[in-house]
Protein chains: 2
Amino acid sequence: MLDARKKNVLLAIVQDYIATAEPVGSRTIARKYKLGVSPATIRNEMADLEEMGFIEQPHTSAGRVPSDRGYRYYVDHLMKHEELTMDEEKLVLNSYLSKVQDVGEVLRCTGNLLSQITNYTAVVLTTHYGKGRFKHIQIIHMGPGQAMVVLVSDSGAVQHRIIDVPDSIGPEDLDTISRVLNHKLQGKSIKNIRLTLIKEIYLELARQKHVLNMAMDLIRDGLDVKTGEKVYLGGIFNILNQPEFHNVEKVKTLLSLLEQEKELSNIIEGVFDARGVTVRIGEELENESIKDCSMVMASYGMDGKPVGGIGLLGPTRMDYARAYAVVDYITSNLSLVMERLLRGRGK
Amino acid sequence: MLDARKKNVLLAIVQDYIATAEPVGSRTIARKYKLGVSPATIRNEMADLEEMGFIEQPHTSAGRVPSDRGYRYYVDHLMKHEELTMDEEKLVLNSYLSKVQDVGEVLRCTGNLLSQITNYTAVVLTTHYGKGRFKHIQIIHMGPGQAMVVLVSDSGAVQHRIIDVPDSIGPEDLDTISRVLNHKLQGKSIKNIRLTLIKEIYLELARQKHVLNMAMDLIRDGLDVKTGEKVYLGGIFNILNQPEFHNVEKVKTLLSLLEQEKELSNIIEGVFDARGVTVRIGEELENESIKDCSMVMASYGMDGKPVGGIGLLGPTRMDYARAYAVVDYITSNLSLVMERLLRGRGK
DNA sequence: GTTAGCACTCAATATAATAGAGTGCTAACA
DNA sequence: TGTTAGCACTCTATTATATTGAGTGCTAAC
C-alpha cells in the first residue's frame, strides 16, 4: 500500500511530531532522518501522503502533522515495540508486592503507577458488579438491632452494608441465615440473586419463622447492591503537561469527561473482548470531547476472563510505543496480583 | 476600628469584586452602591483603606481589590449570613436519603453535592483510621486456606482484607478467634491494638494451641491496617470556571496539590477542634501553591466528636457567604446521616 | 469635610511592519 | 522517469508603535 520510502517519511513525521509537538517540515526530515534524498523529494512524498489522508497541514506555511489515520497506520505497521527498563519493572513489582491487601487498594495503586511511569492520565476500571458470581456472604451481628452484611464476589469486589435487624434476632440466627444463603447462592450470578432464590429460601427457612422475614427483607433490600462499575483515576493533572492542553477550554472539556465515569467505562468496556492491548485514536473514540486524545487500553482478569480494564489517556500525539509497552506489562502483572489476591498464595 | 462609611466602602468593594472579578473603581461604587457621596470622597476612603491594608491596587490605573486582610474583615464583621433555597435543601436531603448504605458512598456523594451546589471544588475527609475505636471484628472462612477479616471502627470505617490461613483451621476456629478478639478489643483505640493485646490473647487462647499462632499472626499482620485518612474530591474542574484560573500554570500547581492527599488532610484536620464553620483565606492556609485560594471548612461527627471534615476550595475571591451557608447546612446533615448509619434507625 | 476638575499612569487593545518557516511549482539534471 | 535546486508565495508569529480608556491622586473651590 505504501512503498518503503513513504513509510519512512511517515514514520519520521510521526516520531518527530510525537517528540516535539511541532509540525514537521521537509527540511527537518532530510536533516534528522537521513533518508538519502533531498527536501524537495520529501516534499513530493509528503504531498502524496497528504492526499492519501495520512498527514495534514495546520496551515499553508506550516509543516505536516499526522492525521488520525496516520497514527493508525503507524500503530498498526510502523511502530517498534518497546520494553520497560529494569528500574521501571522493579517499580511495578515492588508496588504490587506491598499493596496486595485489598482489591481497591491494588487498583488505586495501579492508576498511580501507570500515570507515574508514563506521565499520561490513567484510568482503571473494575467490572460491572452484577456480572460477578456470588462467592460468599456473611451477616455479622454487631449489637442489638444492628448487623453488617458482607458480600464477596468472585471478581474480588467486596460490598459491606450496615442494616437494621429486629431485636429478637441474635447472632446465631444470623449465622443460620448466612449458612443457608451461602449454600443456595454458591456460584450464582449476582445480578440474578433476587429473582431466583426467594422461593428456595422460603422452603429452607420455613421452620424458623422468626428468621424468615428477616432473610426475605435481606434479599429484597440488602442484596440490592450498587451495580455500577468503579473508576480509579491517576495523574489527572499530567495531561496539563502536554502542550496541546495549554488552552484552558480544552482542559475543561477533558476534565469534565473524566468526571463522568459512565463515559469512561463505556470506552474501556469496549475492549474487554479484545486480546492484548488495544489503541483507540482520536475520532475512533467516538466522543466529541476527547477527539484530540487517544487511549491505549487492555483488560485484566482471571483465567482469561476479564474482570476490569486499564487505559492510558493522552493526546493523539502520545507516545504509543511506550504506552503500549506499559499497558501490556502492567495488565499481565495486575492479572497475576488479582489471582493471588482472590485465591490465596497456594493455588 | 473602621467607621461606618469605610465599612460600607469595603463591603461594596468585596461584594463587587466577588461578583465581577474586576478591580472596583470609585465611580462604580458611587453608581451601584448609593452611599450618598461622590466618587472623589470614596477615593479618599479607599486611599485610607489601602493604607490600612484592607485593599490593594493591581497597578496604578486600576480599581481596588480586597487583600487577604480585607476578606478576613469582611468574613468576620461585614458578611451577611445566607440560607440555602428550599430547592437546594431538598436536593441535599434527597441525596442523603437515597445513599445511606455505606459510609464511603455517603462521603463521595457529599463531595459531589458540595461542588454541584456551589461550583467550587469540594474536599471531604474521613478521620485518621487509627484514631477510631474498635467496634467489631469478624474473620470469615471463605474456602480452604482462605479467610476474610472485616474490621469495623466506631467512626464507621470498615476494612476488609483477604488472608491466608493454615488448612487445619476451620470455620469454628475462626469464630473462636473472632469471639476472643471482640471481647478483648471492645472500645480500645485501634492504633494501640497491637501493643496492648498480645499478652492477653495469649492467655485466652493458650489452650487451643493450633489456633493461637494464627491469632498471633493476625494481630501482627492482619490488623496492621492502613492508617491514612481518605480524601474524596468533587468538582475538581469547577475551579477552572473561575477567571483566576484561566492560566494553565496556576491550574497545574493547584491540581498537583489536590493529588497530595496528605496536604489537604492537614489543612482540614486543623479545624477539627473548632466549633462550626472555619474560613481560611489565602496565606492563612500556609501553603504556597494555594496562596490565592481560600477554604471554607467544618468538621462533622457523632456525639460532638469529629470524625471527619469537609471543605470548599475556591479563589480568595470566592463567595464566602454562600460557601459558609452550604458548608454549615451540609455538615449538620452529614453528622445526622452518619449517626443514623452507624447506630441504626431506632437509636 | 466634600466635591468638581484635570493631569497623569498604565494595562489593554488595535494596527502596522518584519521575520521566518515551509510550501508548491518550474525547470534543469542524471 | 525520478530527483533536485531555485524561487516566488503564503501565512503565522513576533515585534514595534499608537491609541484608547478606566481609574487614580491632587488641587482648589465650595
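Here is the naming used below: chain letters follow the sequence lines, and residue numbers restart at 1 for every chain.
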Asks: Nearest 0.5 angstrom please: B:L258 CG to B:L313 CG, how far?
Replies: 6.0 Å
Asks: Using 30° and 60° as the class limits, which term best fits the ring planes of A:Y324 and A:H81: parallel, tilted or perpendicular?
Replies: perpendicular
Asks: Indicate yes or no for a side-chain donor-acceptor contact from B:S289 to the backbone of B:L254 under 3.5 Å, with no hydrogens or angles considered.
Replies: no
Asks: Can you measure B:K6 atom NZ to C:dG1 atom P for me and round it to whole angstrom units?
Replies: 10 Å
Asks: For D:dA28, which nucleotide in any strand shown is its Watson-Crick or wobble partner with both distances under 3.5 Å?
Replies: C:dT3
Asks: For the side chain of B:E22 and the backbone of B:Y17, is there at least one donor-acceptor N/O pair under 3.5 Å apart?
Replies: no
Asks: Find the distance B:E56:CD to D:dT24:C1' and express it as a whole number of Å.
Replies: 16 Å
Asks: Rounded to the nearest 0.5 Å, what separation is found between the CZ atom of B:F245 and the CG atom of B:L255?
Replies: 9.0 Å
Asks: Taking the six-membered ring for Trp, are B:F54 and B:Y73 parallel (under 30°), tilted (30 to 60°) or perpendicular (over 60°)?
Replies: perpendicular
Asks: Atom CG of A:D48 and atom P of C:dT23: how far apart are they, to the nearest Å?
Replies: 14 Å
Asks: Measure the distance from NE2 on A:H59 to C1' on D:dT10 and round it to the nearest whole Å.
Replies: 10 Å
Asks: Is it the case that the side chain of B:R322 and the backbone of B:I117 share a donor-acceptor pair, with hydrogens and angles ignored and the cut-off at 3.5 Å?
Replies: yes
Asks: In whole angstrom, what separates B:I55's CD1 from D:dG23's P?
Replies: 14 Å
Asks: Pairs under 3.5 angstrom, nitrogen or oxygen only, protein versus nucleotides 17-22 of chain C, please.
Replies:
{"residue": "C:dG22", "atom": "O4'", "partner": "A:S61", "partner atom": "O", "Å": "3.4"}

Asks: Quickly work out the B:H246 NE2 to C:dA12 C1' distance and round it to whole Å.
Replies: 16 Å
Asks: A:K6 pairs by salt bridge (charged side-chain N to carboxylate O under 4.0 Å, His left out) with which of A:E45, A:E51, A:E50?
Replies: A:E45
Asks: If you restrict it to nitrogen or oxygen atoms, what contacts under 3.5 Å exist between nucleotides 2-4 of chain D and the protein, and what is each distance?
Replies:
{"residue": "D:dT3", "atom": "OP1", "partner": "A:R5", "partner atom": "NH1", "Å": "2.6"}
{"residue": "D:dT3", "atom": "OP1", "partner": "A:R5", "partner atom": "NH2", "Å": "3.3"}
{"residue": "D:dT3", "atom": "OP2", "partner": "A:R5", "partner atom": "NH2", "Å": "2.8"}
{"residue": "D:dT4", "atom": "OP2", "partner": "A:S38", "partner atom": "N", "Å": "3.1"}
{"residue": "D:dT4", "atom": "OP2", "partner": "A:S38", "partner atom": "OG", "Å": "3.4"}
{"residue": "D:dT4", "atom": "OP2", "partner": "A:T41", "partner atom": "OG1", "Å": "2.2"}
{"residue": "D:dT4", "atom": "O5'", "partner": "A:S38", "partner atom": "OG", "Å": "3.4"}

Asks: Does the distance from a Lys or Arg side-chain N to an Asp or Glu carboxylate O, for A:D68 and A:R72, drop under 4.0 Å?
Replies: no
Asks: Separation of B:D3 atom CG from C:dG1 atom P, in whole Å?
Replies: 11 Å
